[in-house]
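Following: one structure in structure tokens, then a few remarks.
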Amino acid sequence: MTTLFAPTALLPDGWADNVLVEIDKDGWIVGVDSFKTAPADGKNVEIAAGAVVPGMPNVHSHAFQRAMAGLTERAGGKKDNFWSWRETMYRFLLDLTPEDMESIAAQVYVEMLKAGYTSVGEFHYIHHSREGKPYEDRALMSRQVIKAALETGIAITHMPVLYAYSGFGAQPPAEPQKRFVNTVPEIMKIVEALAADYANVPQVTLGFAHHSLRAVSPEMLREGTCAAREILPRAPIHIHAAEQSGEVENCIAWSGKRPVEWLLENGNVDDRWSFIHCTHLVEPELEALASSGVVVGLCPTTEANLGDGVFPLAPFFDAGGRFSIGSDSHISISVTEELRWLEYVQRLVLRERTVIKETENPSVGAVLFERALSGGAQSLGRRAGKIEIGHRADFLVLDQSLPCMTGKLRDHILDTAIFAANENPVKDVMAGGRWVVRDRHHKREEHILARYRETMRKFK
Ligand code: NGQ
Ligand code: ZN
């Protein structure tokens, strides 16, 4: 049992001072109390060195892509867009071995923890060898990623991805996609094996994903979802949707419907589902999506980097829609930067200020932070994102000694952290009841970085 004392902490009904949180040996919160005064120095009470807020879920990650961040910012001869970036990404992943996968994932997960993400949704689609052959253990690549998460302490919702086609109407997969391809029974072997192996590991949750409507047929979508539901009745299911306008046009040509519209009508979706991106929405589907219970996974820095377009967050939020954040391609790994972009893009489009707010809470930073926490926990199928009994002890200690934090109290702490901090405001991180980052240092970071440097020697 650990007892943590926070001078100030963000509880479900707002900020409270002198908060004592009790955490059991498995990392669950078993007690939360706030007091009028700080308790006298007790034995076994740890004192947080700043304001305590829940750790943030990162709902959308392709861990391996961190290793190519910075390598795709050079103009080529032709017009560069999402699809040309994807070609570079496909070339990059050709050489990726299982060892590389673990090494890169461990590095990116350390960076996530230091940035304030305490859980990650890994949307995992590199299943086979570079020749496109399954490994002897079909789940090998998944296990490498999960091992990396276990080493760093980040909680992982691992989602093996079903991928079969290169475009709408079951077009055969392209050559560089051969490492991704499985039938429904084949992908279920992976899900089944992992679900059994990690059933009793609270740090690991199993989910399932369809890559996109481009990559699975309607039959596969139905069969895949049914089969996943048999193994994992309540598990998260994710899918990429409507990220590119070209994808929307092709979907209309194929089905007469837009991707989100099609999924809401035919996907048998519920509040266990997350749609990633949903950049291109029109009014009726925006309303339907907002009331569906589905969480939208927004990845603002990746979406900007890839030139996707702007998700209409303001009307979606006003219609009651649920959202979460992800760092996706990991061009940036920063909770504050993702949240700041969400708001700033809306300000630029609408030419207004303070867009994402609530009648009960006018603080943009606090509303963004709390909505991304609750949407994120729902999206990853984890009891997390709240300092409340029964939830994971995932906490961030924010550094109130930063100059920008001077004199900031309560919601101003989050407004400042998100909009005004020029350095990472996260000082300490607890994930599942264990301190994984102390004073901006992860205890395994030197070892993990040395291994990552070794891995990167071949990707020049
Ligand atoms: C992915 N990433 O699966 O890694 C995708 C690109 C695709 C993003 N959409 C590939 N950000 O969508 O086909
Ligand atoms: Zn993605």
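Residues take their numbers from the sequence shown, with the count starting at 1. First listed ligand is number 1; within each ligand, the first listed atom is number 1.
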query: salt bridge (charged side-chain N to carboxylate O under 4.0 Å, His left out): which pairs involve residues 69-83, sequence neighbours left out?
result: Lys78-Glu87

query: Leaving waters out, which protein N, O or S atoms fall under 2.8 Å from the Zn ion (ligand 2)?
result: His60 NE2, His62 NE2, His240 NE2

- prompt: Can you check whether Phe323 and Phe275 have ring centres sitting under 6.0 Å from each other?
  reply: no

- prompt: Hey, are Glu352 and Arg347 close enough for a salt bridge, meaning a charged N less than 4.0 Å from a carboxylate O?
  reply: no

field: Step-by-step salt bridge (charged side-chain N to carboxylate O under 4.0 Å, His left out) determination, Arg371 to Glu358
entry: CA-CA 11 Å; Arg371 293 302 190 105; Glu358 291 166 346; 2.7 Å; yes

task: Would you check if the distance from the ring center of Phe123 to the ring center of His62 is below 6.0 Å?
output: yes

field: Electrostatic pair Glu175:Lys178 at N-O distance under 4.0 angstrom
entry: yes

- request: List the steps and the verdict of side chain to side chain donor-acceptor pair (under 3.5 Å) for Arg438 and His441.
  value: CA-CA 5 Å; Arg438 279 306 236 339; His441 179 260; over 6 Å; no

message: Taking side-chain hydrogen bond (donor to acceptor under 3.5 Å, both in side chains) as the cut-off, I'd like each qualifying pair that reaches into residues 283-292, sequence neighbours left out, listed once.
response: Arg258-Glu285

Using a 3.5 Å cut-off on N/O to N/O, what pairs does ligand 1 make with the protein? A line per pair would be great.
unit_1   : atom_1 : unit_2 : atom_2 : d
ligand 1 : 3 (O)  : Tyr125 : OH     : 3.3
ligand 1 : 3 (O)  : His211 : NE2    : 2.8
ligand 1 : 4 (O)  : His62  : NE2    : 3.4
ligand 1 : 4 (O)  : Gln65  : NE2    : 2.9
ligand 1 : 4 (O)  : Tyr125 : OH     : 2.7
ligand 1 : 9 (N)  : Glu243 : OE1    : 2.5
ligand 1 : 9 (N)  : Glu243 : OE2    : 3.4
ligand 1 : 11 (N) : Glu243 : OE2    : 3.4
ligand 1 : 11 (N) : Asp328 : OD2    : 3.1
ligand 1 : 12 (O) : Arg214 : NH2    : 2.9
ligand 1 : 13 (O) : Arg86  : NH1    : 2.7
ligand 1 : 13 (O) : Arg214 : NH1    : 2.8

Electrostatic pair Asp137:Arg143 at N-O distance under 4.0 angstrom: yes

